[in-house]
Amino acid sequence: MSNQSQRRERGIREFVEVMTVAAPEDISPVVANGLLDFVFAEVWARPGLGRRDRRFVTLACVAGADATPALELHVYAALNSGDLTITEMREAVLHFAVYAGWPKASQFNMVVDAQWDRILRERGEQAPPVVPSLPPATPGDPEERMACGERAFREINCLPFAPTRDNPYSGAGILNFVFGEMWLRPGLGMKERRLITLACVGFQDAQYPIMSHVYAALKSGDVSFDEMDELALHFAAYYGWPKGSYLNQVIAEQKQRVLEEAR
């Protein structure tokens, strides 16, 4: 068997494992060469980042690209495989909403509802009890909540300062909700939230947020150097090489920064 045939077989196997459906047959050779022979045979199969972690990057990318058919496939696969629970998926939608915007997240949320209903029908199961999303675990008192947000901002971003409270964006938004509640919600771990955030800021060309979130993910140790390199490759496969190239450049710069600070 030729190397190309082995590569195609590996891509088909990986596609079936990742997507939990049969590999497509009615696609052009050009698409097959990219999708099966590269994205699945090589990118998804690489050992540097786990399959579950790759799910979060992929979901954020396809949701951010408004690629509804692809989003339907990847939401279904993530839930059907058991890599993500429905609670984790819904929490991922909320985190995505903060970093990519509520309109895109609204579509993401509708896809999650539809694909979860599909899975339950296929399995002949009833929906499990909904995990309550309120009240938040963070303080209800406004002053305590703002102070909690300031602490979380400093800890999560690995910075010695927090934004001021003197305008709605930084006070009511960043401190009160984004860091005073969302980052601290129990439905997702810190690493998963980092991965979603990195993909979101990456596809929006947000230069300072890309730098700050890459730095914080590396500095905190939530994402290792090797995992971050793999994230850049996976991101490029799902959102494009130009944006992936810039993300990769920032990763190299921030790795050096973290190493210098350690010395």
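As the structure is a prediction and not an experimental result, all values here were calculated from the model.
Salt bridge present: Arg52 and Glu88 bring a charged side-chain N and a carboxylate O closer than 4.0 Å. Arg194 and Asp222 are joined by a salt bridge, as a carboxylate oxygen and a charged side-chain nitrogen come within less than 4.0 angstrom of each other.
With sequence neighbours excluded, the residues that form a side chain to side chain contact (heavy atoms under 4.5 Å, CB included) with Ser224 are Asp226, Glu227. Take Phe177 and apply the ring-ring contact (aromatic ring centres under 6.0 Å, His included) test, not counting sequence neighbours, and it matches no residue. For the ring-ring contact (aromatic ring centres under 6.0 Å, His included) test, no residue two or more places apart in sequence or in another chain qualifies with Phe56. Residues satisfying the ring-ring contact (aromatic ring centres under 6.0 Å, His included) criterion with Phe15, sequence neighbours excluded, are Phe40. In terms of the ring-ring contact (aromatic ring centres under 6.0 Å, His included) criterion, residue partners of His213 (sequence neighbours excluded) are, by chain and number, Tyr99. Not counting sequence neighbours, the partners of Asn80 by the side chain to side chain contact (heavy atoms under 4.5 Å, CB included) test are Thr20, Tyr76, Ile119, Arg123. Annotation: side chain to side chain contact (heavy atoms under 4.5 Å, CB included) contacts of Arg13 (sequence neighbours excluded): Glu9, Arg10. Applying the salt bridge (Lys or Arg N to Asp or Glu O under 4.0 Å) test to Glu42 and every residue at least two apart in sequence or in another chain returns Arg7. With sequence neighbours excluded, the residues that form a side chain to side chain contact (heavy atoms under 4.5 Å, CB included) with Ala232 are Asn248, Ile251.
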Can you list, pair by pair, the side-chain donor-acceptor contacts under 3.5 Å of residues 149-156, counting residues two or more places apart and other chains?
from: Glu150; atom 1: OE1; to: Arg165; atom 2: NH2; distance (Å): 3.1
from: Glu150; atom 1: OE2; to: Arg165; atom 2: NE; distance (Å): 2.8
from: Glu150; atom 1: OE2; to: Arg165; atom 2: NH2; distance (Å): 3.3

Using residues 60-73 as the side-chain source, report each donor-acceptor pair under 3.5 Å to any protein atom, sequence neighbours left out, with the distance given to one decimal.
from: Asp66; atom 1: OD1; to: Lys104; atom 2: NZ; distance (Å): 3.0
from: Asp66; atom 1: OD2; to: Lys104; atom 2: NZ; distance (Å): 2.7
from: Thr68; atom 1: OG1; to: Gln107; atom 2: NE2; distance (Å): 3.3

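A donor-acceptor distance shorter than 3.5 angstrom exists from the side chain of Ser212 to the backbone of Tyr208, with no hydrogens or angles considered.
Counted within 6.0 Å of CD on Glu25, heavy atoms from surrounding residues, nucleotides or ligands total 12 or fewer; the atom is thus considered open.
Transitive grouping of hydrophobic side chains (ILVMFWY, heavy atoms separated by less than 4.5 Å) brings Trp102 and Ile196 into a common cluster.
Applying the side-chain hydrogen bond (donor to acceptor under 3.5 Å, both in side chains) rule to pairs touching residues 233-243 yields Trp44-Tyr238, Arg54-His234, Thr58-His234, Asp205-Lys243, sequence neighbours excluded.
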